[in-house]
Amino acid sequence: MKVRREKRLGYFSEYTRGFNRSSRGPAYHAMLRMIDSYFDDSADDRMERHCATGGFFGRAVQWDAFIIAWSQETHGLKKPFHTTDCEGGYEQFEGWPKEKRNELMAGLVSIIKGSKLAGFASIVPIQAYKAAFPNCESGDPYLLTIPHTIMNMASIADNADIGVNIWFELGGPKGFIGETFEAIKKMKWKPAQRLHALAFDTKELHPLQSADLLAREAFKHIDNIGVRPMRIPMKRMGDSNFFIAWTEDALRYLAANGGPQNLELLAHWDEYPDAPKLKWHSLWLAKRGGK
Amino acid sequence: MTEKNTEFEDFTNVANRLLRVPHSEVKEKLDAEKKAKKRKKSKVSSASHEANEKA
């Protein structure tokens, strides 16, 4: 007699590691109708210029293909891929010639492009934040990127009539992120109903390695404006990446209206006629605008 | 923050387009990347092989 073996569904951060997910097949995941999104943070060493939360989102079929390709590309590494180390030749990349490191980076960017993932980043100019919130603590500018990112993922999911799971890299302020996620979920704001689950994991998870790459590219992109030309990974990925940077005006307006704790203001920002517009950065928008 | 603004509309349009990409297209693209990389590697290795022979 055949015994039907029921597989227990593990933690969702567990089944996205690749093995469980792939064994369930595309039909199962299509049924889930979910966007999976992965985020990490980046900033300059001294946390003086810009800080960013950035990452990619896509459907299970995209992430499945991504995970297979990414694991093949990085299988020779001793530790999880870390963009800063690869670029600078630090840690496990010590002794690697620049060409070899560039080649790995280019290969990983090709995988991101090929997987058709979309990128999002929220960026805060740190000095402008400190000017708007003179009594803030050093980590506060980064905290603003958290509700901003979660709300944008909720809006994207709502627009696509689909749910969204969000992962953050474990090294961040887990408590704050969890509280913010729950507070947004409880809001009477339609997209908030799309927030399905929140999880934290290490960079052992391949999608979080790609989030590390995008967060760094987002930070570098804004930090380099007017100083250095656009970086090659950004040029190659740019069409599907959208970054939103807070401006001085927007931060002052936020400070005058309850600060980042005012989630209602954040959720309905564009409905306030006097709220200054945030600055969008995207190669797609630039091309469309003929810039 | 996210609604009633043209950039956001563009963002959602691009995202929706990407989210609708069929698995076959993603697989095809990644397979093509892989083949291109293999071709490049074999070219490099044959070139370096030739260089070694000359040396």
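The chains referred to below are lettered A, B, ... by the order of the sequence lines, with proteins before strands, and numbering in each begins at 1.
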>> Applying side chain to side chain contact (heavy atoms under 4.5 Å, CB included) to A:Arg59 and B:Leu18, what does each step give before you reach the verdict?
In response: CA-CA 9 Å; A:Arg59 289 179 306 136; B:Leu18 292 168; over 6 Å; no

>> Tell me every residue that passes ring pair (Phe, Tyr, Trp, His ring centres under 6.0 Å) with A:Phe57, counting only those two or more places apart in sequence or in another chain.
In response: none

> For A:Leu117, is it the side chain, the backbone, both, or neither that has a heavy atom closer than 4.5 Å to a heavy atom of chain B?
Replying inline: backbone

> So what's closer than 4.5 Å to chain B heavy atoms on A:Tyr272: side chain, backbone, both or neither?
Replying inline: neither

>> Please rank A:Ala160, A:Ala275, A:Ala106, A:Ser110 by heavy-atom pairs under 4.5 Å with chain B and give me the top one.
In response: A:Ser110

> Can you check side chain to side chain contact (heavy atoms under 4.5 Å, CB included) on A:Ser115 and B:Leu30, steps first, answer last?
Replying inline: CA-CA 7 Å; A:Ser115 307; B:Leu30 287 172; 3.9 Å; yes

>> Less than 4.0 angstrom from a charged side-chain N to a carboxylate O is my criterion; do A:Lys277 and B:Glu7 meet it?
In response: yes

> At what distance, to the nearest 0.5 angstrom, does CD of B:Glu25 lie from CD of A:Gln62?
Replying inline: 10.0 Å

>> Tell me if the aromatic rings of B:Phe8 and A:Phe242 count as close, with their centers under 6.0 Å from one another.
In response: no

> Relative to chain A, which of B:Asn16, B:Thr12, B:Leu19, B:Val26 shows the most heavy atom pairs under 4.5 Å?
Replying inline: B:Leu19

> Side chain, backbone, both or neither: which part of B:Arg20 has a heavy atom under 4.5 Å from chain A?
Replying inline: backbone

> Is the count of non-hydrogen atoms from other residues, nucleotides or ligands lying under 6.0 Å from A:Ile232 atom CD1 greater than 12?
Replying inline: no

> Measuring heavy-atom distances to chain B, does A:Ala69 have an atom under 4.5 Å in its side chain, in its backbone, in both, or in neither?
Replying inline: side chain

> With a cut-off of 6.0 Å (strictly less than), are more than 12 heavy atoms of other residues, nucleotides or ligands near CD of A:Gln72?
Replying inline: yes

>> Within a 6.0 Å radius of atom NZ on A:Lys185, are there more than 12 heavy atoms belonging to other residues, nucleotides or ligands?
In response: yes

> Are the side chains of A:Ile156 and B:Phe11 in touch, meaning some heavy atoms are under 4.5 Å apart?
Replying inline: yes

> So, for B:His23 and A:Val61, which heavy atoms are closest and what is the spacing to 0.1 Å?
Replying inline: CD2-O, 3.6 Å

>> Show the nearest heavy-atom pair for residues A:Lys116 and B:Val21, with the distance to one decimal.
In response: CG-CG1, 3.9 Å

> Rounded to the nearest 0.5 Å, how far apart are CD of B:Glu33 and CD1 of A:Ile112?
Replying inline: 11.5 Å

